[in-house]
Protein chains: 2
Amino acid sequence: MTDDSDPQFTGVLQSPPGTALSFERASENATAMLDIEPMKPELTFKKRAYTALKKAITGMDPYSSPEPVWLDERQLSEQLGVSRTPVREAIAMLEHEGFVRSVPRRGIVVVRKSLREIVEAIEAWAALESMAARLAAHHASMVDIRGLRTLFESFGEQHPPAAFVSEYSAANIAFHQRLIELGGSELLVDLTANLLLHVRGIRQLSIGKSERIARSFDEHLGIIDALERRDADLAERLSKEHTLGLAAYVEKHGKELLGDGPVRPGRF
Amino acid sequence: MTDDSDPQFTGVLQSPPGTALSFERASENATAMLDIEPMKPELTFKKRAYTALKKAITGMDPYSSPEPVWLDERQLSEQLGVSRTPVREAIAMLEHEGFVRSVPRRGIVVVRKSLREIVEAIEAWAALESMAARLAAHHASMVDIRGLRTLFESFGEQHPPAAFVSEYSAANIAFHQRLIELGGSELLVDLTANLLLHVRGIRQLSIGKSERIARSFDEHLGIIDALERRDADLAERLSKEHTLGLAAYVEKHGKELLGDGPVRPGRF
DNA sequence: GTTTGGTATCTGGCATGCCAGATTTGGGTC
DNA sequence: GACCCAAATCTGGCATGCCAGATACCAAAC
């Protein structure tokens, strides 16, 4: 099971041991010119299981079904082609991040966020992104800032955002993630990445009102303007108001999208 | 090993199986008045190991020693009185949170944050706390807001904060955590809790300059004032500037406290 | 004395097996 | 037919054992 039965894992075997020998002699003159690269650390089963499960879980929509979604450790390890141990460790991390919850001797549930929790996630996101905007106004290069514009330049009067919702939605998410990256803080990028995943399902839906899209478009351009003028306070404020606007919108209309709680006896 | 050898865990064995029977009959009239509490979910070994390890790791100061601190799975599981499995799962979570890093076939290292990472953590913290302050200005009760004042009321002219550093430092941390709680967002509380832990070591030190303490004291009172006046924008701004001030201070003077990086060949 | 190569040992990664509690099921009773 | 109870079954929690890579140690060669 660990080396030959599963085609998914057989392709990633590491270089033969003999390669290591070259390293010890790297300082000598005869082989010094080889310039061997440091050999990648080889992802563990645990990390690959984590990545695969996270992708699978965030890719589904737990709200589409009225019934909670249950997972099975043994079944997952079979599908992944590894034993339960790395799967369990991956699940432990996902549980810690709030994507699943494991109930002892019952099973593992995919967590359904309540409307309240989603609003909180958007608010936290607003806080972090606006801080990133402030930092970006100070430190980001002009080239990078202008690069934000290119994300939207395919849209215009002949190609209005409101008419190409999914296309605009993708550009929208790319814009926010890029903006946060421009802040130059790895921590802000990491923290917001998970928040975006938690919000994702609802986000696609709530952005899809045409009057909101037009406003969203303008607000993005306003943020870019502020960055180009190096106005940190303005960029921060606009970014925050933009995202808090979404939070308020979701809080007001979210019930229709989610139902009124994470657990519902049935659909009505 | 699981039930009798280690005194640490023998005290937390769960109720005998017969207790469960009482639940099934709780709806009947004879025992309905008993009002049995829902029986605590009994923390798993994994969670207890996680808590214990996190406490131990954040309680130490990895910067006090020039050498990196290594942990040993087997030794830890022996100390905790459980097998390696729950310890491994706990470590996987701590690694994901950035407190330790496990190097395959080498060991587990307690992570030493670089100055850059600590500054980023304070910036993120500033973002989240100022958002909490904004929310608190809107939603927190007047009683709770006034409660913030009581944290500092033992200080005054006869009892100046600058003369009681560790006492003031504790009040300081309590103030910030309580302020975030008043925002009413569980997510903000959770996100900032880990940030505070990452920053903790340096925080104690950098707060210990008397001129900073006096200013810190005034700034706290300013935030409380803004909250009492329900001025969300002001509370948010003051809170953010207060914490960003710390970030700037640490960025400028942190080298003396940390050395110039997480990995140093030796002390010089 | 320095270098080299082999070996004992240590460490985390992973697989596997058992356990207890929770659920399900299937008679059997009233 | 409704209810109750017990055995079969399922599920995650945990302990344990083996493995490969990395290190440390030591002896032999120069």
Side-chain angles (χ1 to χ4, degrees), chain A residues 1-6 9 12-21 23-25 27-28 38-50 70-78 80-95 100-109, chain B residues 1-6 9 12-25 27-28 39-50 70-78 80-95 100-109:
Chain A
M1 179 72 73
T2 157
D3 54 355
D4 58 353
S5 63
D6 186 70
F9 284 157
V12 285
L13 291 175
Q14 65 183 59
S15 322
T19 310
L21 212 55
F23 282 107
E24 299 172 9
R25 293 175 177 160
S27 59
E28 297 182 14
M39 191 151 91
K40 51 190 171 189
E42 296 303 338
L43 290 175
T44 61
F45 285 5
K46 172 177 68 182
K47 283 176 184 154
R48 279 188 277 167
Y50 168 78
W70 290 87
L71 303 178
D72 181 307
E73 263 187 24
R74 290 167 224 265
Q75 184 184 325
L76 291 176
S77 56
E78 208 169 316
L80 290 169
V82 297
S83 85
R84 289 172 57 210
T85 307
V87 173
R88 280 180 56 74
E89 291 177 348
I91 287 179
M93 292 191 288
L94 290 170
E95 177 172 19
V100 301
R101 195 163 53 86
S102 80
V103 187
R105 288 164 233 100
R106 283 289 311 276
I108 300 158
V109 223
Chain B
M1 178 72 71
T2 158
D3 54 356
D4 57 355
S5 62
D6 186 72
F9 282 158
V12 284
L13 291 174
Q14 65 182 60
S15 322
T19 310
L21 213 55
S22 312
F23 281 106
E24 300 172 9
R25 291 174 178 161
S27 59
E28 296 180 14
M39 187 153 93
K40 47 191 170 188
E42 294 304 339
L43 290 175
T44 60
F45 284 6
K46 171 177 69 183
K47 283 176 184 153
R48 278 190 278 165
Y50 168 77
W70 290 87
L71 304 178
D72 181 308
E73 263 187 24
R74 291 167 224 266
Q75 183 184 327
L76 291 176
S77 56
E78 208 169 314
L80 290 169
V82 296
S83 85
R84 289 172 56 211
T85 307
V87 173
R88 281 180 55 73
E89 291 176 349
I91 287 180
M93 292 192 287
L94 290 171
E95 177 172 16
V100 300
R101 195 163 53 85
S102 80
V103 187
R105 285 164 235 100
R106 282 289 308 275
I108 301 157
V109 222

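Lettering follows sequence order; numbering is per chain, from 1.
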Item to check | 5′-ward residue of the pair A/Pro86/B/Val103 relative to DNA chain C | outcome: B/Val103
Checklist entry - To the nearest angstrom, how far is A/Tyr50 atom OH from C/dG13 atom C1'? => result 19 Å
Next on the checklist: Looking only at the side chain of B/Arg105 (C-beta and beyond, no hydrogens), which of the listed nucleotides D/dA22, C/dA22, C/dG17 gets closest?
Outcome noted: D/dA22
Checklist entry - Looking only at heavy atoms, which two atoms of A/Val87 and A/Ser83 are closest? And how far apart? => result CG2-O, 3.5 Å
Item to check | For atom CZ of B/Arg84 and atom C1' of C/dA15, their distance in whole Å | outcome: 12 Å
Checklist entry - Does CZ in A/Arg101 sit with more than 12 non-hydrogen atoms of other residues, nucleotides or ligands closer than 6.0 Å? => result no
Next on the checklist: Whether B/Ser83 contacts D/dA15 is assessed here as follows: a side-chain N or O lying under 4.0 Å from the phosphate OP1 or OP2. Is that the case?
Outcome noted: yes
Next on the checklist: Nearest whole Å is fine: how far is C/dG13 C1' from A/Lys47 NZ?
Outcome noted: 11 Å
Item to check | Separation of atom CZ in A/Phe45 from atom C1' in C/dG12, rounded to whole Å | outcome: 14 Å
Checklist outcome for this item: Looking only at heavy atoms, the pair that brings B/Met93 and A/Ala92 closest together is SD-O, 3.7 Å
Next on the checklist: Expressed as a whole number of angstroms, how long is the span from B/Arg88:CZ to D/dC14:C1'?
Outcome noted: 13 Å
Item to check | Interatomic distance where CD belongs to B/Glu73 and C1' belongs to D/dG17 [whole Å] | outcome: 14 Å
Checklist entry - Do any side-chain nitrogens or oxygens of A/Thr85 fall under 4.0 Å of OP1 or OP2 in D/dT16? => result no
Next on the checklist: In the structure I gave you, are the side-chain heavy atoms of B/Trp70 and B/Ile108 within less than 4.5 Å of one another anywhere?
Outcome noted: no
Item to check | Side chain of B/Ile108 (C-beta onward), nearest among C/dA22, C/dG12, D/dG13 | outcome: C/dG12
Checklist outcome for this item: B/Glu95 atom CD is separated from C/dT11 atom P, nearest whole Å, by 18 Å
Item to check | For atom CD of A/Gln75 and atom P of D/dT11, their distance in whole Å | outcome: 9 Å
Item to check | Residues B/Glu89, B/Lys47; criterion side chain to side chain contact (heavy atoms under 4.5 Å, CB included); working and verdict | outcome: CA-CA 9 Å; B/Glu89 291 176 349; B/Lys47 283 176 184 153; over 6 Å; no
Checklist entry - For the side chain of A/Arg106, counting heavy atoms from C-beta on, which of D/dC14, C/dG13, C/dT23 is nearest? => result C/dT23
Checklist entry - Quick one: the side chain of B/Arg74 and the base of C/dG12, do they pair up donor-acceptor inside 3.5 Å? => result yes
Checklist entry - With a 4.0 Å cut-off on heavy atoms, is B/Ile91 in touch with a base, just the backbone sugar-phosphate, or nothing at all? => result nothing
